[in-house]
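Notes follow the structure.
Proteins get letters first, then strands, A, B, ... in listed order; numbering begins at 1 in each.
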Number of protein chains: 2
Amino acid sequence: MSLRRQTVSEFTATRLSIYLRALASLETEGIRHVSSEAFGRRFDLSPAQIRKDLATFGEFGVRGVGYEVSVLKKHLISILGLGHTRRLVIVGAGRLGQALADSPGFTSAGFAVAALFDNDPKKIGTETRAGIPVHDVEKLSEIVKLGSIAIAVLTVPASAAREVAGRCVEARVKGILNFAPVRLTAPPGVKLKNVDLKIPLETLSFYIQKP
Amino acid sequence: MSLRRQTVSEFTATRLSIYLRALASLETEGIRHVSSEAFGRRFDLSPAQIRKDLATFGEFGVRGVGYEVSVLKKHLISILGLGHTRRLVIVGAGRLGQALADSPGFTSAGFAVAALFDNDPKKIGTETRAGIPVHDVEKLSEIVKLGSIAIAVLTVPASAAREVAGRCVEARVKGILNFAPVRLTAPPGVKLKNVDLKIPLETLSFYIQKP
DNA sequence: TTTTGTGAACTAGTTCACAGCT
DNA sequence: AGCTGTGAACTAGTTCACAAAA
């Protein structure tokens, strides 16, 4: 059986990404086969959970044997939509934006940063260390539409985030990853994820208090 | 009644942080009182959830009236352990580390970045734009112990993360916020949070695929 | 025999709905 | 009258345990 897709929870989707990272790690170690049991032990995950998550998308294992690392990895890449390189733009050419633009996580493995945008004349026309150009944010819509860009990453100040997100929606991106410390919402048809880096820090602060 | 603290879930802890951000926003708008209903409508949160979360820590509202913004904010600051400034260090003085070191989110509201650390001789001895010094990572343990630093933020490459986390544990930090793309674990007594920025990006990729 | 894939059982998290204060 | 605080009902997510397959 294959491809029964109800609505997949964010929990499952997040773990797929974790599994992919773990498999890449096994692959570089030269491990070719792995059981859910061994996989779970190695990366501190639940074997039952692994099997359930994977079974949502098909039968990728062999009973009595386990999973073939390279095969499972290919499947996960395909499930996550990373099979072909996805072009994205980053709005906000501050240090976070520049760090992300040049980071291996954002440039390798399924993503390519097409351009950065900013409204600061001193930044417009420059490029990042890795050579990604910084454009005027006024050209955002044009470049997104022309380049068939599906994802916009927002690394602008909180005050600008809502307006910039609006422009992205208008330019027909399919997904927005917002790092500005405001909780944005997007219309149906656009997937938006808020990532506020201050939250894990405050959460940490909460848990390290004396009982 | 007040202060029944079983174990508070990460979900609740995360929302406390969200509520705090939302209250700050109301405060700047000059709003002094708010009901869970109005609060929820304004920030797209569930009123029942808000009441339940808050009730875990005490009775902060007034029946028939609602919550006083400034009072609730003070309580949340205290609950999250942000009442006195917490000093933290950032290990890894790359662009992400520097961006976080100088970002208002990390420097205001309960946190102070005491120092950055790196192993690159070109970076050691310099300081960030905001004037935070970059030390040799060899001095990490010494400075953490002397400065009674409770939190270490890791912005090092994946390959160095485990070793650096070990040093932090040895130096007796209470919490580690790991941005390196490896899932680390810490011994009991040390709270560790992994934040892999590639995961929300891959999750986004998953959800924006055609059905 | 081993290990997957999966319904059933369980646990955690959320929402409902109303008693209890103000 | 109005809104909180909270047990009870519900929903979502995880783990168990075993039949099915290699």
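Between the CZ atom of A:Phe11 and the P atom of D:dT15 there is a distance of 12 Å, given to the nearest Å. Atom P of nucleotide D:dT4 and atom CD of B:Glu68 are separated by 14 Å, given to the nearest angstrom.
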Please produce a list of atom pairs where a protein N or O lies less than 3.5 Å from an N or O of nucleotides 19-22 of chain D.
residue, atom, partner, partner atom, Å
D:dA20, N3, A:Arg63, NH1, 3.0

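For the salt bridge (charged side-chain N to carboxylate O under 4.0 Å, His left out) criterion with B:Glu27, the lone passing option out of B:Lys73, B:Arg32, B:Lys74 is B:Lys73.
We find that B:Glu202 and A:Arg86 are not joined by a salt bridge, their nearest charged nitrogen and carboxylate oxygen being 4.0 Å or further apart. Ionic pairing of A:Arg21 and B:Asp196 is present here: one or more N-O contacts between side-chain nitrogen and carboxylate oxygen are shorter than 4.0 angstrom. At a threshold of 4.0 Å, the pair A:Lys145-A:Glu170 counts as salt-bridged, since one of the basic side-chain nitrogens sits closer than that to a carboxylate oxygen. Look at A:Asp102 and A:Arg129 and you find no salt bridge, because none of the NZ, NE, NH1 or NH2 atoms lies under 4.0 Å from a carboxylate O.
For A:Ser78 (side chain) and A:Gly83 (main-chain N/O), no donor-acceptor pair under 3.5 Å exists by modelled atom type. At distances below 3.5 Å, at least one donor-acceptor pair connects side-chain atoms of A:Gln209 with backbone N or O atoms of A:Phe206.
Smallest separation of non-hydrogen atoms from B:Val89 and B:Val144: CG2-CG2, 4.2 Å. Minimum interatomic distance between A:Val190 and A:Val173 (heavy atoms only, all atoms of both residues): CG2-O, 3.7 Å.
Considering only side-chain N and O atoms, A:Arg15 lies under 4.0 angstrom from the phosphate OP1 or OP2 of D:dT14. Between A:Tyr67 and the phosphate of C:dT2, there is no side-chain N or O to OP1/OP2 separation shorter than 4.0 Å.
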Item to check | salt bridge (charged side-chain N to carboxylate O under 4.0 Å, His left out) evaluation trace for A:Glu10 with A:Lys191 | outcome: CA-CA 12 Å; A:Glu10 295 260 345; A:Lys191 175 78 182 175; 2.7 Å; yes
Next on the checklist: Run B:Val91 and B:Leu116 through side chain to side chain contact (heavy atoms under 4.5 Å, CB included) and show every step you take.
Outcome noted: CA-CA 6 Å; B:Val91 192; B:Leu116 276 92; over 6 Å; no
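Scanning residues 45-54 of chain A for heavy-atom distances under 4.0 Å to DNA chain D yields A:Ser46, A:Ala48, A:Gln49, A:Arg51, A:Lys52. DNA chain D lies under 4.0 Å from at least one heavy atom of each of the following residues of residues 31-42 of chain B: B:Ser35, B:Ser36.
When the nearest nucleotides of DNA chain D are assigned to B:Gly61 and A:Glu10 by heavy-atom distance, the more 5′-ward of the two goes with B:Gly61.
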